Each structure stands twice: as structure tokens, then as C-alpha cells.
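Model, not experiment: these values are computed from the prediction. Below, chains carry the letters A, B, ... as their sequence lines are ordered, and counting in each starts from 1. What's counted below: heavy atoms across the whole structure, side chains too, no hydrogens, waters or symmetry copies.
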Number of protein chains: 2
Amino acid sequence: MRLLLIEDERELADALSAALSKHGIVTDHTMHLADAFELTRQNTYDAILLDRRLPDGEGLSFIPMLRRSGADTPIIVLTARNEPLERVEGLDVGADDYLGKPFLVDELMARLRAVLRRPPSLTELQITVGRMVIDPLHLSVTVESAPLDLPRRELLVLAALAKRKDKTVLRSTLEAAVYNYEEEIQSNALDAHISRLRKRLTDAGAGVAVHNIRGVGYLLKEE
Amino acid sequence: MRLLLIEDERELADALSAALSKHGIVTDHTMHLADAFELTRQNTYDAILLDRRLPDGEGLSFIPMLRRSGADTPIIVLTARNEPLERVEGLDVGADDYLGKPFLVDELMARLRAVLRRPPSLTELQITVGRMVIDPLHLSVTVESAPLDLPRRELLVLAALAKRKDKTVLRSTLEAAVYNYEEEIQSNALDAHISRLRKRLTDAGAGVAVHNIRGVGYLLKEE
DNA sequence: CCGCGAAGATTGCGGCAGCATTACGAGGAC
DNA sequence: GTCCTCGTAATGCTGCCGCAATCTTCGCGG
């Protein structure tokens with residue numbers, strides 16, 4: 001899962017990114033609305049976390065702009081202004097949820113899950129493939145109800161594949177699911193993850209196969 | 001718009017119904033979970049307002065029950081228990097939002113609007129031809145829901161044809177779809193791709209045919 | 001109806017891009 | 001310390017794809 005965080009307090013932003021990465025969430029961060037819009041054009045985010053008070057203007061103004069461009073990415077507004085009437089204001093311009101600072105990361109996670117649960121096709125609560133059950137929201141994997149713990153990056157690869165099981169996932173999509181734009185990649189790191197993931201899956205008897213489509217991407221299916 | 005209100009405090013329920021009716025919202029009201037489930041079977045609601053503390057049990061238990069029955073009706077949980085951790089709990093079982101009592105009717109309205117705005121269906125960008133479904137965006141092809149993996153160039157040819165199925169696609173258009181300017185072509189490479197693609201499609205029983213229009217181009221149609 | 005030329009279809013071959021695998025070492029967690 | 005993760009790079013291999021040679025089909029004129 002990949003988020004865009006629009007927030008001008010660097011400390012909060014760093015802390016949030018760190019906390020979210022423990023949940024397997026890749027976060028891109030910017031402090032300016034102008035950059036934010038450009039980023040949404042270049043990437044596909046699962047959700048956007050938006051601060052209201054920003055150096056170059058009121059964060060809420062970003063929402064209609066984004067919606068007008070056709071994007072329906074869920075937006076959660078983060079703010080110190082947490083009066084009921086202000087919440088109304090935020091929700092009415094097109095935000096999907098509103099979270100007053102300070103907040104618990106756990107609550108943010110829960111609201112994220114709630115907001116993302118909407119499109120059922122992309123965010124099935126649990127995905128079953130072969131003898132394996134994958135929960136891409138909580139990032140847990142079980143084989144025959146026995147938990148299987150995977151390294152973080154392999155887990156992200158698996159979750160991205162599972163969300164589109166039986167369909168090809170572009171190589172670039174996988175890269176975006178695992179790395180943010182600051183983490184440059186200049187080797188076959190992704191291939192290595194795939195390889196190690198394959199080994200772990202067969203060792204665990206997961207009953208699935210990670211298939212390669214040369215020049216296109218990968219595909220997860222039962223074997 | 002029609003809501004189901006599951007709430008045991010009669011006074012609150014009456015007041016809410018009255019307030020909502022001013023917004024043109026029709027409200028069905030019940031105090032018991034058992035009735036609630038039956039009501040959802042008989043009617044279609046745009047959203048459900050659910051109290052947590054109910055005479056016949058914990059309101060939250062209603063959510064997985066409803067979800068399991070296949071309904072994705074938005075649910076807003078109303079409760080006096082408004083601690084962050086409890087909100088997490090509510091959202092995690094499948095609620096779409098969580099509202100602590102007491103609340104302003106205006107805020108409820110705003111949250112209703114937010115929840116209902118979430119898109120019911122993502123734009124289907126899939127093309128069906130014969131027994132085959134093509135997703136030109138994600139470059140994936142399935143035959144009778146079984147994935148069919150094609151080499152990159154053949155995939156590009158197929159996608160270009162599928163986007164204009166039953167219509168002729170100029171040879172030059174196909175070349176543009178498969179090759180960029182740097183990749184000069186000076187042989188019948190495209191013909192070769194067509195040929196190999198045809199073979200793969202018939203082998204897979206895709207139920208489609210690639211016809212040639214001599215001197216003009218090609219055309220994809222069901223066979 | 002036949003013959004001819006051009007467009008298309010098919011297939012084998014070889015080069016090489018892309019992928020799989022593995023070892024190694026740096027860095028982090030405990 | 002020990003164990004695990006993860007980026008890097010070297011190695012070997014697979015099969016895509018451009019090419020070209022050959023065969024087939026199509027359209028047209030006589």
C-alpha cells in the first residue's frame with residue numbers, strides 16, 4: 001500500500017512515515033500543495049493524508065482540485081482544528097474522513113482500513129490462493145491457518161500480487177508497491193525478492209506459484 | 001434516500017428521524033438486531049446507522065453478519081464509547097464511519113454524504129471479445145477467467161486490436177502501438193507477431209479471430 | 001477460368017535482453 | 001555477540017523477437 005502524506009511539520013511527517021512503514025505502508029511525503037498535485041499525476045496512491053494548514057495555502061483547497069482531475073483517491077484530513085463544524089466543512093468538500101491531531105497511529109490505521117474497504121474488488125478483506133490466506137490490510141499470511149511470517153519487502157510483493165491474483169501485475173507496479181521515490185533502486189533487488197519469496201512459499205507448501213510474464217510483469221496463481 | 005436506524009433509545013431515535021426527514025431522508029427504525037437483519041433482507045438501504053449498546057447484544061456483531069451476506073451498505077456506528085481504541089475496533093470489523101454521541105445532526109449529514117460519495121464502481125476498462133477478457137491498462141488477458149500470458153509484443157498487438165474490436169486497425173497504427181521511434185523495423189516482424197499471436201489464441205480457445213484486410217490492416221472479431 | 005504478382009502466413013534460426021538464483025556484506029533488531 | 005533482512009553483483013539460462021526464406025492466399029486482367 002502506498003500513501004501520499006501532505007504535511008508541513010517535518011517531525012510529525014517523519015514519525016508517521018516510520019510508523020506506517022512498520023505496517024508495510026510506503027509513504028511519499030511532500031510539504032507543498034503544488035508538489036502534491038504533480039505527485040498524484042505521476043503515481044497512483046491508495047490514499048492521501050492531508051494537513052489543513054500548509055505553507056502555501058489551505059489544504060482543503062487541494063481536494064476539489066484533485067476531484068476535478070478525475071481522481072477518486074480516498075483522502076483523510078489531518079488537523080488540529082477539530083471542531084464539529086469544521087469537520088463538516090472538510091467532509092463536504094470531498095474528504096473521506098477527518099482526523100483531529102493528536103491521534104493514535106492505530107486509529108489512523110483503522111480509518112485507513114475503513115476508507116479503503118470501499119472498493120471491494122481491490123481491497124478484499126482476505127484473499128485465498130491455494131492453501132494460503134492473505135490479508136493485505138493487516139499484512140498477515142497464513143498457510144492452512146498456520147501463520148507464515150515473511151520479511152517486509154517480500155510481504156509487500158506478495159500482497160500486491162495477491163490483490164490482483166490470476167492477473168498480471170506490471171513490474172513497475174510492483175516496484176511502486178515496495179519502494180517510494182526516495183528509495184532508489186539500481187539493481188535486481190525486486191527479482192531477488194521474488195526469488196526469495198518463491199522459495200519461502202514452496203517451503204511452506206503454500207500451493208501457489210509466482211509466474212513471470214517476460215517483459216511485462218508477474219502473476220500469482222494456484223499451482 | 002432511505003436509512004435503517006438501529007437504536008434502542010427511543011427519544012434519540014425519534015429526534016433523529018424527525019431531523020433526517022427534514023433532509024428528505026426516510027428512516028426505518030428498529031431496536032433489535034434480530035429485526036435489523038430481517039429488514040435488510042426485505043429492503044434496500046442507502047446506509048445504516050448502528051448503535052453499539054443494544055438490548056440484545058453488541059451492535060458491532062451485526063456488521064460482519066451483514067457483510068457476510070454480501071451487502072456492502074455503508075454503516076455508521078453511533079456510540080457513547082468514543083475512545084480512540086474503541087473507534088479502531090468499530091472500524092476494523094467493517095464499519096465505514098464512527099460517530100461519538102452526542103453529535104450534531106449536521107455532522108451526521110456530512111458523514112453520510114462522505115460515505116455515500118464513495119464510488120460504487122470503478123470504471124470498467126475491460127474489453128470482452130469471444131471467451132476472452134482484455135485489460136489493456138494492466139496488460140492482462142484471461143480466457144474464461146484463466147489467465148493467458150502472452151509475450152510483450154503480442155500483447156501490445158492484441159490490446160491495440162481489442163481497443164477497436166470489429167473495426168479495422170491500420171497496419172501503421174499497429175506498428176506504432178508496438179514499436180517506438182527508436183526501434184526501426186525493416187522486416188515482417190509485425191506479421192510474425194500476428195502469426196504467433198493467432199496460434200496462441202486458437203490454442204487457448206479464445207473464441208476470437210484476427211482477420212486481415214489486404215493492403216489496409218487487421219481486425220479482431222469473435223469467431 | 002487461368003496465370004501472375006504482390007501481400008500475407010508460417011516457421012526455423014540465432015543473438016541477446018530479461019529473468020532466476022545464489023553468495024556476500026552492510027546494517028539493524030534483539 | 002547472533003540472527004535476519006536486503007541491496008548488490010556475478011553467473012547461467014530461457015525464450016522472445018528480429019530476420020529471412022519459403023509457402024500460401026488474394027485480387028485482377030485477360
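- Using a 4.0 Å cut-off, some side-chain N or O of Arg171(A) falls inside it from OP1 or OP2 of dC19(C).
- Protein atom CG of Leu197(A) is 12 Å distant from nucleotide atom P of dT5(D), rounded to whole Å.
- Judged by distance alone, the side chain of Arg67(A) and the main-chain N or O of Thr73(A) form a donor-acceptor pair under 3.5 Å.
- One cannot find a donor-acceptor pair under 3.5 Å joining the base of dA7(C) and the side-chain atoms of Asp191(B).
- Between Arg2(A) and Asp28(A) a salt bridge is recorded (basic side-chain N to carboxylate O distance below 4.0 Å).
- Taking the nucleotide of DNA chain D with the nearest heavy atom to each of Arg200(B) and Ser187(B), the more 5' of the two is matched to Arg200(B).
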Donor-acceptor contacts under 3.5 Å from residues 208-223 of chain A side chains, at least two apart:
unit_1: Asn212(A); atom_1: OD1; unit_2: Arg214(A); atom_2: N; d: 3.2
unit_1: Asn212(A); atom_1: ND2; unit_2: Gly217(A); atom_2: O; d: 3.4
unit_1: Glu222(A); atom_1: OE2; unit_2: Gly130(A); atom_2: N; d: 3.2

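- Between Ser195(B) and dA9(C) there is no side-chain N or O to OP1 or OP2 distance below 4.0 Å.
- Close to dC4(D), at under 4.0 Å from its OP1 or OP2, lies no side-chain N or O of Arg153(A).
- Summarising the geometry, the separation between CG on Leu158(B) and P on dC16(D) is reported as 16 Å, rounded to the nearest angstrom.
- The side chain of Arg214(B) has dG8(C) as its nearest neighbour among dC19(D), dT5(D), dG8(C).
- Whole-Å rounding puts the Glu154(B) CD to dT11(C) P distance at 13 Å.
- For the pair Lys199(B) NZ and dC16(D) P, the computed distance is 13 Å after rounding to whole Å.
- At dG18(D), one or more side-chain N or O atoms of Tyr179(B) fall inside 4.0 Å of OP1 or OP2 (strictly under the cut-off).
- Look at CZ on Arg198(B): it is 7 Å from C1' on dA9(C), rounded to the nearest Å.
- Arg196(A) comes within 4.0 angstrom of a nucleotide base, judged by non-hydrogen atoms across all strands.
- Within the 3.5 Å criterion, the main-chain N or O of Glu9(A) finds a donor-acceptor partner in the side chain of Glu7(A).
- Protein atom CD1 of Ile213(B) is 10 Å distant from nucleotide atom P of dG8(C), rounded to whole Å.
- At the phosphate of dA20(C), OP1 or OP2 sits under 4.0 Å from a side-chain N or O atom of Tyr218(A).
- Using a 4.0 Å cut-off, no side-chain N or O of Arg152(B) falls inside it from OP1 or OP2 of dA17(C).
- Taking atom NE2 of His211(B) as the reference point, atom C1' of dA7(C) lies 18 Å away to the nearest angstrom.
- Aromatic ring orientation, His193(A) versus Tyr179(A): tilted (interplanar angle from 30° to 60°).
- Within the nucleic acid shown, Asn212(B) comes within 4.0 Å of sugar-phosphate atoms alone, with no base atom in reach, counting heavy atoms only.
- At least one side-chain nitrogen or oxygen of His193(A) sits closer than 4.0 Å to the OP1 or OP2 atom of dG7(D).
- Each of dA21(D), dA9(D), dG18(D) was ranked by its minimum atom distance to the side chain of Asn188(B); first place goes to dA21(D).
- To the nearest angstrom, P of dT10(C) lies 12 Å from CG of Asp203(B).
- Among the heavy atoms of the strands lying under 4.0 Å from Ala189(A) is at least one base atom, whether or not backbone atoms are also near.
- Side chain of Ser195(B) to main chain of Asp191(B): no donor-acceptor pair is present (N/O by atom type, distance under 3.5 Å, no hydrogens or angles).
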